Amino acid sequence: MTTTKDSPSLEILVREPEGFLIWTGPPFSNGQPNIKLERVPCTNVTFSEDGSRIMVMKSDCVISIYDCGSFKEIRSFQVPNVAAANLSPCGTYLQTFQKSSTPQEKNVILWNTETGDAVYHVFQKNMTKATWPSIRFSSDEAVACRMATNEIQFFDTSDFPKGILYRLRIPGVAAFELSKAPGSHVAAFVPESKGSPGSVQIYACEKDLQSQPLARKSFFRCSSVQLSWNRGSTGLVVVVQSDVDKTNRSYYGESKLNYLTTDGAHEGLVPLRKEGPVHDVQWSYSGSEFAVVYGFMPACATLFDKKCKPLLELGSGPYNTIRWNPKGRFLCLAGFGNLPGDMAFWDYIDKKQLGTTRAECSVTSEWSPDGRYFMTATTAPRLQVDNCIKIFHHNGSLFFKKMFDKLFQAEWKPQSPDMFGDITELIKSVDSLKVAEAKPQGAGSATKKAAPSNPPATKPAAYRPPHAKQAATVQAELFGESSTQEMSKNALKNKKKREKQKEKKAAEAAAGGT
């Protein structure tokens, strides 16, 4: 078992208009991160899934591959008219998509990052979310496949020049998802056609086991699907989306959540206790549970086991996002996008809420690989103002904040959670570090407390029109209360005049009565 002392350090990628740099991750020794890699000019940057390599796209159609251990450049590729690029999970292959004018031009190229050789070419008409990356890999790169017309093609990952190894025939297939760890199964989506329902089917990746689907679920009113495999490749969560809501309760259509298992034990809807859209769904790192945020606002959140039975209710609120801690113990329930940014942190083991906070205007959010910290970022071009990075403790307390003139990207370097110690030990080590840092300040030393280099930004006051500036005073007068705000000279003068007039009228009334 990995101990806290043996755990690797965390790293954060930060990309600004001038390029990207790498920070050392928390805990910070002096309250601020150190720079591990100086700024590198780029237009885009992406880690490989295992965090061993990093792909850097530059403005002159150059794509560079860096080793994340030494941050030295391994290989550089000159790819004219490149529109997109993707790095395989272990960083062995680089996949590029170029704008093509003729079908004869094979515009998708697979490159070996070690040798720099192009090992496979294929033509792809256009690039969409369902068709890119064209060639999909399992997490260990043992299985590779791509979707073509009415079929899924499989390759020998050790010998791509050999071409297609075998084909899985699926008429009408429009989207697919290969299971990652291990790459043992593939899920395929076939949309509705000529009155026949759409369907999601699960097949084994081995050629000898592909005669029949292992599981299948059919449904009408289906425009698109989101396919999500668990770790272990035993369960598939399917969010079925329709563009039209026949009940007219939602402008954005309707969505349903289905769950399929590779052993065929479950093929049906997930029992949700509230009507409305499915906002987000995520598997735990172990692959034994999944969490769902669903329903009309205020949305509900529920945890389910592999048998689709509810394990824990996380209440309801303005939420549309859920993030499961890599260690499997903590969850963050949040409301981003068009919601105000409320966040609730939960302990799944103790089944209790740890704390709540808010991160307004967050665009991205993710747990650190060791499970101790939660980072949110407000980035351009989604938002052009108040760009910032915020890092929270596992219980929601703010640990670090830094503002930027413009921030394009902020993300943790991917690392396996198994490389870090037990989450309880890691939390204790952070708590002890906090106590050690606090002791010198409380020891009665004569030194002044240093001001933080990046103080938290004060929230701007709400705009009040000129005619409303005396609203509090007017309201106090109307209800016969004393105003808490200091009155202006004119208001004070007018008040004295009114008091004198009241006294005069009272005296005249008394004289008339006698």
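Remember, it's a predicted structure, so these values are computed and weren't measured experimentally.
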Under 3.5 Å, side chain of W283 to main-chain N/O of S228, donor-acceptor pair present?
yes

Between E105 and K99, does any side-chain N to carboxylate O distance fall below 4.0 Å?
no

All side chain to side chain donor-acceptor pair (under 3.5 Å) counterparts of T357, not counting sequence neighbours:
none

For N34, is there any backbone N or O sitting under 3.5 Å from a side-chain donor or acceptor partner on T24?
yes

For D405, look at atom CG and say whether over 12 heavy atoms of other residues, nucleotides or ligands are found less than 6.0 Å away.
no

Centre-to-centre under 6.0 Å for Y294 and H279, is that the case here?
no

Please confirm whether the backbone N or O of D117 pairs with a side-chain atom of N112, one donor and one acceptor, at under 3.5 Å?
no

Donor-acceptor pairs under 3.5 angstrom involving side-chain atoms of residues 167-180: please list them, not counting sequence neighbours.
unit_1 : atom_1 : unit_2 : atom_2 : d
R167   : NH1    : E151   : OE2    : 2.7
S179   : OG     : P182   : O      : 3.0
S179   : OG     : S184   : N      : 3.2
S179   : OG     : H185   : N      : 3.1
S179   : OG     : H185   : O      : 3.0
S179   : OG     : S233   : OG     : 3.2
K180   : NZ     : F137   : O      : 3.3

Can you tell me if K256 has over 12 outside heavy atoms packed within less than 6.0 Å of its NZ?
no

Take atom CD in E18; do more than 12 heavy atoms of anything else shown fall under 6.0 Å from it?
yes

Sub-4.5 Å side-chain heavy-atom contact between Y348 and L311:
yes

Pairwise ring-ring contact (aromatic ring centres under 6.0 Å, His included) hits with a residue in residues 70-89, at least two apart
F77-W111

Would you please name every residue forming a ring-ring contact (aromatic ring centres under 6.0 Å, His included) with F154, sequence neighbours left out?
Y166

Please check this pair: side chain of T43 against backbone of M57, looking for a donor-acceptor N/O pair closer than 3.5 Å.
yes

So does G287 get a backbone contact from the side chain of K306, meaning a donor-acceptor N/O pair under 3.5 Å?
no

Those residues that, when tested against Y120, pass ring-ring contact (aromatic ring centres under 6.0 Å, His included) (two or more places apart):
F155

Any L314 side-chain heavy atom under 4.5 Å of L303 side chain
yes

Donor-acceptor contact below 3.5 Å, side chain N387 vs main chain L407
yes

Donor-acceptor under 3.5 Å (N230 side chain, G232 main chain)
no

Less than 3.5 Å apart, any donor N or O on the side chain of E49 or S139 sitting next to an acceptor on the other?
yes

Contact between V240 and F189 at the side-chain level, heavy atoms closer than 4.5 Å - yes or no?
no

For Q78, look at atom CD and say whether over 12 heavy atoms of other residues, nucleotides or ligands are found less than 6.0 Å away.
yes

Flag for Q95-Y93: side-chain donor and acceptor within less than 3.5 Å:
no

Side-chain (N320) to main-chain (F336) donor-acceptor, under 3.5 angstrom
yes

Evaluate the side-chain proximity of Y319 to L339: yes if any heavy-atom separation is below 4.5 Å, no if none is.
no

Take T157 and E141 through the test side chain to side chain donor-acceptor pair (under 3.5 Å) and record every step on the way to the result.
CA-CA 7 Å; T157 55; E141 296 185 357; over 6 Å; no

Under 3.5 Å, side chain of Q409 to main-chain N/O of R15, donor-acceptor pair present?
no

Quick one: does D280's side chain have a donor or acceptor within less than 3.5 Å of a partner on I322's backbone?
yes

Would K307 and D305 pass as an ion pair if we require N to O under 4.0 Å?
no

Taking only residues two or more places apart in sequence, or in another chain, which ones meet F374 in a ring-ring contact (aromatic ring centres under 6.0 Å, His included)?
F345, W367

After noting the C-alpha distance and the side-chain angles of F290 and Y259, does the key distance pass the ring-ring contact (aromatic ring centres under 6.0 Å, His included) rule?
CA-CA 11 Å; F290 63 93; Y259 177 59; 5.5 Å; yes

K58/D60 under salt bridge (Lys or Arg N to Asp or Glu O under 4.0 Å): CA gap, chis, key distance, verdict
CA-CA 6 Å; K58 300 179 180 178; D60 51 355; over 6 Å; no

Can you classify the ring geometry of F399 versus Y373 as parallel (below 30°), tilted (30 to 60°) or perpendicular (above 60°)?
tilted

